[in-house]
Amino acid sequence: MVDDARQSDDIELRAFMGLADLFRQRGWPVPLPVRVHPGTTGPELLRQLDIAPEMVEVVFVNGKAVSPDLAVVSGGDRVALAPPGVPGPYRVLLGFRKM
């Protein structure tokens with residue numbers, strides 16, 4: 001059973017393409033529970049994870065695509081990271097073609 005206090009402070013983190021490879025190399029489960037404080041910014045999250053900012057083009061927060069610099073997450077959010085180079089049709093389908 002998961003402790004409710006822990007669960008409320010964690011985000012559920014996933015990654016696409018090459019970032020998914022990075023998760024596998026680091027032995028991280030999918031989804032990766034990550035403890036955050038309310039209002040954690042995209043850059044703060046990437047620093048916490050030791051992921052270089054240039055490796056992430058888009059952060060999805062609860063299904064909405066945002067620039068990593070504009071992303072804000074809090075416990076309970078579902079978050080995914082997408083690297084540069086996602087093919088064109090997927091960019092449209094995922095909602096970040098103009099980012």
Side-chain angles (χ1 to χ4, degrees):
M1 181 164 196
V2 177
D3 176 10
D4 289 337
R6 180 180 163 259
Q7 186 176 26
S8 66
D9 293 338
D10 288 354
I11 61 169
E12 202 176 88
L13 184 66
R14 291 174 170 78
F16 297 114
M17 296 175 50
L19 291 169
D21 294 338
L22 177 67
F23 274 43
R24 281 190 290 280
Q25 290 169 4
R26 293 182 178 182
W28 291 348
V30 177
L32 175 66
V34 178
R35 176 136 323 149
V36 297
H37 60 81
T40 295
T41 66
E44 290 170 335
L45 178 62
L46 295 179
R47 272 193 301 278
Q48 181 178 340
L49 297 168
D50 192 27
I51 295 176
E54 60 272 8
M55 293 179 69
V56 179
E57 181 180 7
V58 174
V59 176
F60 291 92
V61 181
N62 299 320
K64 183 176 179 192
V66 294
S67 164
D69 291 338
L70 301 177
V72 178
V73 301
S74 296
D77 286 343
R78 295 178 65 206
V79 180
L81 307 176
V86 173
Y90 295 104
R91 298 174 76 77
V92 173
L93 290 171
L94 293 171
F96 67 100
R97 71 175 186 266
K98 293 186 180 183
M99 296 185 100

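For the single chain, residues carry numbers from 1 onward in sequence order.
- Side-chain atoms of Val58 and Phe16, non-hydrogen and from C-beta on, never get closer than 4.5 Å to each other.
- Judged by distance alone, the side chain of Asn62 and the main-chain N or O of Arg78 form a donor-acceptor pair under 3.5 Å.
- In the hydrophobic cluster analysis, where Ile, Leu, Val, Met, Phe, Trp and Tyr join through side-chain heavy atoms closer than 4.5 angstrom, Val61 is grouped together with Leu13.
- Taking all atoms of both residues into account, the shortest heavy-atom contact from Leu19 to Ala82 is CD1-C, 3.8 Å.
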Can you give each donor-acceptor pair under 3.5 Å made by side-chain atoms of residues 45-55, sequence neighbours left out, with the distance rounded to 0.1 Å?
{"from": "Gln48", "atom 1": "NE2", "to": "Arg35", "atom 2": "O", "distance (Å)": "2.8"}

For this session: Show the numbers, then the answer: is there a side-chain contact (heavy atoms from CB on, under 4.5 Å) between Asp10 and Val36?
Result: CA-CA 6 Å; Asp10 288 354; Val36 297; over 6 Å; no

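- In terms of heavy-atom proximity, Pro68 sits nearest to Pro43 at O-CD, 3.3 Å.
- Pairing each heavy atom of Pro83 with each of Gly18, the nearest pair is CG-N, 4.2 Å.
- When the salt bridge (charged side-chain N to carboxylate O under 4.0 Å, His left out) test is applied to Arg26, no partner is found at least two apart in sequence or on another chain.
- Counting all heavy atoms, side chain and backbone alike, Met17 lies closest to Gly85 at CE-O, 3.7 Å.
- Atom CG of Leu32 sits about 10.0 Å away from atom CD of Glu12, to the nearest 0.5 Å.
- In this structure, Val72 is not a member of the same hydrophobic cluster as Val34, with clusters built from ILVMFWY side-chain heavy atoms closer than 4.5 Å.
- The two residues Ser74 and Pro38 come nearest to each other via the heavy atoms OG-CA, 3.5 Å.
- Applying the side-chain contact (heavy atoms from CB on, under 4.5 Å) criterion to Ala20, with sequence neighbours excluded, gives Arg24.
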